[in-house]
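Written below as structure tokens is the structure these notes are about.
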Amino acid sequence: MRRIVIAGNWKMHKTQADSLAFLHGFLPQLEATPEHREIILCSPFTALTTLSKTLHGSRVMVGAQNVHWESSGAYTGEISGEMLTEIGVRYVVVGHSERRQYFGDTDETVNLRLKAAQAAGLTPILCVGETKQQRDAGETETHVVSQIKKGLAGIDQSKLIIAYEPIWAIGTGDTCASEEANRVCWLIRSQLANKDVPIQYGGSVKPGNVDEIMAQPEIDGALVGGASLDADNFSRIANYQ
């Protein structure tokens, strides 16, 4: 069976104190969460050590939001895979649309980051997805397939999670119809050598739509942005029906 992975991407939110307050409200609500569901919190770098120490021995894993492709060097402001694993980080988001849009990531640098993450023992969450302009032009399939092929060149697909995030649905409140999200996730799976790679949907996932999204046969989880910042909302998503 494919793994179910529910991940929260906090982006540039939450101090260490905020993170501890979140856990105080969040962890008690996971007592009835099915054991086979993997729960990940991807926090800013400054909160990773706090989360790792507090969550040690719990069922919640810690993820970072980016990783550099070199293990060390003159890369001001960057973080290596070894720096992340040293503090107990297990997962890392790679190629998020905001990294591509604002910080110059390309399919080629995303591929390098994926390789570095795996070399350090991290499981990367590769983000792919199209813009509104690309969707309106009928380019969704060609764009997403291109991102998959270029991003996954030389990547070990047994240590990988993929998140389909239509860019036009991220933080906009405009969720991709569940059937359409399922179709694109199927398209992504058709490009993989390992058909058991978990494929998440991301893009305005909320307590009100998570049940419908997770009922789709090709969707194996969710990468959650804004709704993961609230303990009650994110626990409802983790406890989807």
### Exercise: identify the closest heavy-atom pair between A181 and Y201
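So the minimum-distance heavy-atom pair works out to CB-CD1, 3.7 Å.
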### Query
How close do W10 and L51 get, heavy atom to heavy atom, and via which atoms?
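Here W10 and L51 meet closest at CZ3-CD1, 4.0 Å.
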Charged N to carboxylate O under 4.0 angstrom, [X] versus [Y]?
X	Y	answer
R37	D220	no
R236	D211	yes
R3	D196	no
R113	D105	yes
D136	K132	yes

Is there a path of hydrophobic side-chain contacts, each under 4.5 Å between heavy atoms, that joins [X] and [Y]?
X	Y	value
I4	L192	yes
L152	L187	no
I237	L41	yes
L114	I125	no
I219	L126	yes

### Task
Look only at the side chain of N111 and the backbone of A153, and say whether a donor-acceptor pair between them is shorter than 3.5 Å.
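Pair found, side chain donor or acceptor close to backbone of A153.
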### Message
With a 3.5 Å distance limit and no angle check, can you tell me whether Q200 reaches the backbone of V5 through a side-chain donor-acceptor pair?
### Response
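Checked: pair present.
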### Task
Apply the test side chain to side chain contact (heavy atoms under 4.5 Å, CB included) to residues R100 and Q147: give CA-CA distance (whole Å), side-chain angles for both, the deciding distance (0.1 Å), then the verdict.
CA-CA 12 Å; R100 298 177 191 256; Q147 285 184 311; 3.5 Å; yes
### Message
What I want to check is whether the side chains of Q134 and H143 have a donor and an acceptor closer together than 3.5 Å.
### Response
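There is such a pair (donor and acceptor under 3.5 Å, judged by atom type) between the side chains of Q134 and H143.
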### Query
Would you say the side-chain atoms of E212 and S178 include a donor-acceptor pair closer than 3.5 Å?
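A donor-acceptor contact under 3.5 Å links the two side chains.
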### Query
How far does CD1 of I213 sit from CG of N182, to the nearest 0.5 angstrom?
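Answer rounded to 0.5 Å: 11.0 Å.
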### Message
Just verifying a value: how many Å separate E130 CD and Y164 OH, rounded to the nearest 0.5 Å?
### Response
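Between atom CD of E130 and atom OH of Y164 there are 3.5 Å.
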Can you establish whether the number of heavy atoms outside [X] located under 6.0 Å from its atom [atom1] is more than 12?
X	atom1	result
H56	NE2	no
K159	NZ	no
R90	CZ	no
Q191	CD	yes

### Task
Give the C-alpha distance, both sets of side-chain angles, the deciding distance and a yes or no for salt bridge (charged side-chain N to carboxylate O under 4.0 Å, His left out) between E180 and R135.
CA-CA 12 Å; E180 173 63 8; R135 172 161 282 270; 2.9 Å; yes
### Task
Step by step, work out the side chain to side chain contact (heavy atoms under 4.5 Å, CB included) result for R2 and E218.
CA-CA 10 Å; R2 301 195 304 263; E218 295 295 336; 4.2 Å; yes
